[in-house]
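Report on one structure; see the data block that follows.
Small disclaimer: the values here were computed from a predicted structure and weren't measured.
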Amino acid sequence: MSKRCYYETLGVVRGASDADLKAAFRKLAMQHHPDRNPGDHECVHRFKEVNEAYEILKDPDKRAAYDRFGHAAFEHGGGGGHGFGADFGSTFSDIFEDLFGMGGRRGRASGRERGADLRYNMEITIEEAYAGKTAQIRIPTSVTCEVCSGSGAKSGTQPKACPTCGGHGKVRHAQGFFTLERTCPACHGRGQVIDNPCPSCSGSGRVTRERMLSVNIPAGVEDGTRIRLAGEGEAGVRGGPAGDLYIFLSLAAHEIFQRESADLHCRVPISMVTAALGGEFEVPTIEGGRTRVKVPEGTQSGRRFRLTGKGMPVLRSKQAGDMYVQVVVETPQKLTKRQKELLREFEKLSSKETQPESAGFFTRVKEFFDGMGGRANTP
């Protein structure tokens, strides 16, 4: 019986890339794996075919020989073509995790597990983000047990190799022609057991304590900035390396300023008289000073004034953003009778020159309605 084309077996074209070959192999291997199809002999045969095809095509030299001579290149000891080659384990190591939720790596476990990373949320003001600060924080966390120095064993004793897995942390289980490795149930993958646990930490090698840490917050940090303190997380299990501590910063709302990247924005209400005749007002700056803003005659509501370099510093640079002051013309309320009379008199004296924007708008509105009326009368 003639063999199927290896490319056809994997469902790829002859010019397929290595990535396409691997993706097709992983998909078919998972689909036809015997453990997923117990008792199905056809799947076993198909599984072997897929493996054989991939064994040849993944190797550049073997693939070149196959492309030139076909199956004849391997009929007389040319390598491959027997279903499971010497590197069978390495071929399937990258799909172990997909199939069984674990890796195919083998090695002697040390029992030393890295500690967990910790997160600490800190809220700071815009002024603190501008100038930077050094903050003191208290962190309840796991630290290395001083009594057993993190070994987890009672003083005068030592952990010993797990008798179930021989210190490897994994046990092997034969299932048909396939051998699987699973985490040792006795030592939970640590490779060591403790007969006499430390009474202070109950064998974990760590205890819970509250620690005081100093955190340096650089000038210019933004909302959401993350600061990493290496090795300041939870202590590792039985002397393992400590995790890291991550400080997540958030900026508190400010009464005057709103931040946008390195720029600051603020809104200042001004009277209609100041907007019409011009004037000036004083605003605070983020560093604690103050500056004057000149309002030219005829300023419209919403106009922005830019104060160069008065914004936030750019993190780890000598640059700084700008400050934008937006004026909002305030409409007067609760007018007296005399004030209303003066405003009506002003309205009568107004012209297109004094209010060009509104005059132009209503002129365009009139033209629009005139045009609509003309089209409405057109038969």
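- Using a 4.5 Å cut-off on side-chain heavy atoms (C-beta onward), Ile137 and Met122 make contact.
- Salt-bridge formation is detected for the pair Glu341/Arg338: a Lys NZ or Arg NE/NH1/NH2 atom is positioned less than 4.0 Å from an Asp or Glu carboxylate oxygen.
- Annotation: Glu123, atom CD; neighbour count of heavy atoms from other residues, nucleotides and ligands within 6.0 Å is above 12.
- Donor-acceptor pairing under 3.5 Å is recorded for the side chains of Tyr6 and Glu52.
- Between His32 and Glu42, the side chains place no donor N or O within less than 3.5 Å of an acceptor N or O (distance only, hydrogens not considered).
- Residue Arg14 places its CZ atom among more than 12 non-hydrogen atoms of other residues, nucleotides or ligands, all under 6.0 Å distant.
- Listed for the Glu330 side chain is no donor-acceptor partner under 3.5 Å among the backbone atoms of Val328.
- We find the CD-CZ distance between Glu127 and Phe257 to be 7.5 Å, quoted to the nearest 0.5 Å.
- Closest of all the heavy-atom pairs between Ile194 and Ser151 is CD1-O, 3.6 Å.
- With rounding to the nearest 0.5 Å, the separation of CD in Glu232 from OG in Ser214 is 10.5 Å.
- Atom CD of Gln339 has more than 12 heavy atoms from other residues, nucleotides or ligands within 6.0 Å.
- Atom CZ of Arg292 is surrounded by more than 12 heavy atoms from other residues, nucleotides or ligands within 6.0 Å.
- Open room surrounds CD on Glu345; 12 or fewer heavy atoms of other groups in view lie less than 6.0 Å from it.
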Inset, instruction - Check the pair Lys294 / Glu280 against salt bridge (charged side-chain N to carboxylate O under 4.0 Å, His left out), numbers first and verdict last. - result: CA-CA 4 Å; Lys294 291 185 178 181; Glu280 61 180 25; 5.3 Å; no
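- A centroid separation of less than 6.0 Å is found between the aromatic rings of Phe47 and His33.
- Side-chain contact annotation: Tyr7 with Asp67, donor-acceptor N/O pair under 3.5 Å present.
- The number of heavy-atom neighbours closer than 6.0 Å to CE of Met272, taken from other residues, nucleotides and ligands shown, is 12 or below.
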Legend entry - Criterion side chain to side chain contact (heavy atoms under 4.5 Å, CB included) on Val171 and Thr164, from CA distance to verdict: CA-CA 8 Å; Val171 291; Thr164 302; 4.2 Å; yes
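- In this structure, a donor-acceptor pair under 3.5 Å is absent between the side chains of Tyr120 and Arg138.
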Legend entry - side chain to side chain contact (heavy atoms under 4.5 Å, CB included) assessment of Thr125 paired with Leu251: CA-CA 6 Å; Thr125 65; Leu251 299 187; over 6 Å; no
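- Without hydrogens or angle criteria, Asn196 side chain to Lys154 main chain gives no donor-acceptor distance under 3.5 Å.
- Residues passing the ring-ring contact (aromatic ring centres under 6.0 Å, His included) test with Tyr130, sequence neighbours excluded: none.
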Legend entry - Chi angles and distances behind the side chain to side chain contact (heavy atoms under 4.5 Å, CB included) call for Ile139, Leu245: CA-CA 10 Å; Ile139 300 290; Leu245 172 64; 4.2 Å; yes
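- At least one donor-acceptor pair under 3.5 Å links the side chain of Arg206 to the backbone N or O of Ala235.
- Between the side chain of Arg46 and the backbone N or O of Thr9 there is at least one donor-acceptor pair closer than 3.5 Å.
- We find that Arg304 and Asp322 are not joined by a salt bridge, their nearest charged nitrogen and carboxylate oxygen being 4.0 Å or further apart.
- The two residues Ala24 and Val12 have their closest heavy-atom pair at CB-CG1, 3.7 Å.
- Asp59 and Asp61 get closest at one heavy-atom pair: OD1-N, 2.9 Å.
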Legend entry - Pair Arg211-Val143, side chain to side chain contact (heavy atoms under 4.5 Å, CB included): steps then yes or no: CA-CA 9 Å; Arg211 302 172 57 202; Val143 298; 3.5 Å; yes
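- Side-chain polar atoms of Gln319 and Ser317 form no donor-acceptor pair below 3.5 angstrom.
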